[in-house]
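Report on the following structure.
What's counted below: heavy atoms across the whole structure, side chains too, no hydrogens, waters or symmetry copies. The first residue in the sequence is number 1, and the count goes up from there. Counting starts at 1 for both ligands and their atoms, in listed order.
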Amino acid sequence: MALSGSNAEIDPGGSSIGTAAINRAAEALRDGKLVVFPTETVYGLGADALNPDAIARVFAAKGRPADNPLIVHLSSVAEVPAVAIEPPDLALWLLERFAPGPFTVVLPRGPAVPPAVSAGLPTVAVRIPSHPVARALLAAATVPIAAPSANRSGRPSPTDVQSVRRELGDAVSYYLDGGPCAIGVESTVVRLDEGRCRVEVLREGATTREMIESAVTELATGSKWQVSGPGFTSAIGVAASPGVRHAHYAPTATVVPFETDADPPSFGGNAPRPGEDDEPSPGPFALVHLSAFGEPWRGNPPAYHRRFTDVEEYARELYRAFRQADDAGCRIIYTELPQDTGLGRALRDRIVRASRR
Ligand code: TXA
Ligand code: MG
């Protein structure tokens, strides 16, 4: 359906996108155009990964620094040789294990992939998404799809198509609406340091460190391999995950993280208590949290308030909450840091990064 006053097209089908829409989007991709599509994690801004002009359009549309590489999306493990050379056996095994799903592995880049995709690095990040619309698009496109999260650089990733359209508008030729994303935070990114038998988690995500650890211990050689978090200092290059240098995930309001306090209703830690007698009013503020506490705002309630029932819902809704708090005019978003385990690790990472800019 063509939008009036716009040259972008959007399929309004929600989760029931038809073959015709998928085929048109695939055709746009093969023509070097940009297509927004849903994945199980966040929406992606897709381009033909083998077309340097299309890749340049992705960086321009996002305002993305040229030194931050893109993830290449594939239909199946069988397509890895089209984009990577000599992938380590463990990398393929991990892909077989965790893909399709929120799992990305960094491999040696093959000659068909333009250097710009990887910001000039000799590697390429590969992911096989599980969302049915992403899979249908990959199948119809018959080319690998480079796709960063479909936000302007530095902003929270979009978890619904409306958020993307507000930010990217006509820079995109075709929008596929797959409804809200099920996971809500970006995929786990890992690379392998074979010399030191390390699986390095470069970015935490819904394929948790615990899941990777337990998978690795199943290997015959499992005892040799260890899994390290993003803090691990690798011997194989300084710019482990180039993207982590840049500002990320930030709404317009200031994100103020706070630790779960054993003694509710304190906001605890470093966060000032909104509305406290001896502090100036922070203006309209938002409160986003998981644990139960009373009403510590003393007559100055949050303009936007979300409490989530579990860490999965928190992940699914975090970026939406950030955008909605902005829309509600909030200046500060008090954001609870969940426990530092499982999916909570990914959330902590995104919240802390969103607070630094
Ligand atoms: O869930 C996701 O991964 C989403 C959906 C759309 O698939 N994509 C996504 O892409 O989050 P992006 O571009 O927003 O984040 C890609 C991350 C960045 O942190 C980047 O630095 C890292 O992956 N990355 C990409 N290629 C890399 C490489 N060759 N070596 C190391 N890190 C790489
Ligand atoms: Mg991103």
Side-chain angles (χ1 to χ4, degrees), residues 34-47 49 55 58-59 61-74 83-84 87 91 98-110 113-131 133-135 137-138 144-159 161 164 167-168 176 178 181-193 200-207 230 234 236-250 315 319 346 349-350 353-354:
L34 304 186
V35 171
V36 164
F37 65 99
T39 81
E40 67 280 15
T41 56
V42 299
Y43 273 74
L45 174 62
I55 296 308
V58 171
F59 280 88
K62 276 184 68 84
R64 180 164 175 122
D67 65 352
N68 193 357
L70 309 179
I71 294 173
V72 173
H73 298 66
L74 304 174
V83 297
F98 293 118
F103 180 76
T104 298
V105 62
V106 175
L107 301 172
R109 178 164 54 86
V113 179
V117 168
S118 298
L121 293 172
T123 53
V124 61
V126 168
R127 158 156 139 77
I128 300 164
S130 65
H131 194 294
V133 173
R135 299 188 65 68
L137 181 64
L138 279 159
I145 301 176
S149 53
N151 49 283
R152 291 278 304 168
S153 192
R155 300 268 304 148
S157 298
T159 53
V161 83
V164 190
E167 243 168 77
L168 298 182
L176 290 169
C181 299
I183 294 174
V185 291
E186 307 79 358
S187 63
T188 305
V189 180
V190 307
R191 73 170 179 178
L192 305 187
D193 180 340
E200 295 175 59
V201 178
L202 303 179
R203 181 175 72 181
E204 308 273 6
T207 302
S234 171
I236 54 170
V238 274
S241 195
V244 303
R245 281 198 302 272
H246 299 290
H248 270 310
Y249 319 120
Y319 294 141
D349 168 67
R350 304 313 192 271
R353 283 182 204 283

Determine whether a donor-acceptor pair (N or O, by modelled atom type, separation under 3.5 Å) exists between the side chain of T207 and the backbone of P102. yes
Kindly identify the option in S118, G46, P69, P108 whose heavy atom sits closest to atom 27 (C) of ligand 1. P69
Please report whether ligand 1 has a polar contact with S187, defined as an N or O pair separated by less than 3.5 Å (distance criterion only). yes
Here the Mg ion (ligand 2) sees protein N, O or S atoms within less than 2.8 Å, and their number is 1
Tell me whether K62 has any N or O atom under 3.5 angstrom from an N or O of ligand 1. no
Less than 4.0 angstrom from a charged side-chain N to a carboxylate O is my criterion; do E200 and R191 meet it? yes
Would you say the side chains of S157 and R350 form a donor-acceptor pair under 3.5 Å? no
Have T104 and S187 got a donor and an acceptor in their side chains that come within less than 3.5 Å? yes
Please determine if S149 has a nitrogen or oxygen closer than 3.5 Å to a nitrogen or oxygen of ligand 1. yes
Is there a nitrogen or oxygen of T104 sitting under 3.5 Å from a nitrogen or oxygen of ligand 1? no
Which bit of N68 is near ligand 1, meaning a heavy atom under 4.0 Å away: side chain, backbone, both or neither? side chain
Does H248 approach ligand 1 within less than 4.0 angstrom via side chain, backbone, both or neither, non-hydrogen atoms only? neither
Side chains of R127 and T41, donor plus acceptor under 3.5 Å: yes
Could you see which bit of R109 sits under 4.0 Å from ligand 1, with heavy atoms only: side chain, backbone, both or neither? neither
Of the side chain and backbone of R191, name the one, both, or neither that has a heavy atom under 4.0 Å from an atom of ligand 1. neither
Closer than 4.0 angstrom: is that true for some heavy atom of R64 and an atom of ligand 1? yes
Hey, what's the ring geometry for Y249 with Y319, parallel, tilted or perpendicular (30° and 60° as the breaks)? parallel
Using distance alone, decide if ligand 1 has a nitrogen or oxygen within less than 3.5 Å of any nitrogen or oxygen in T39. no
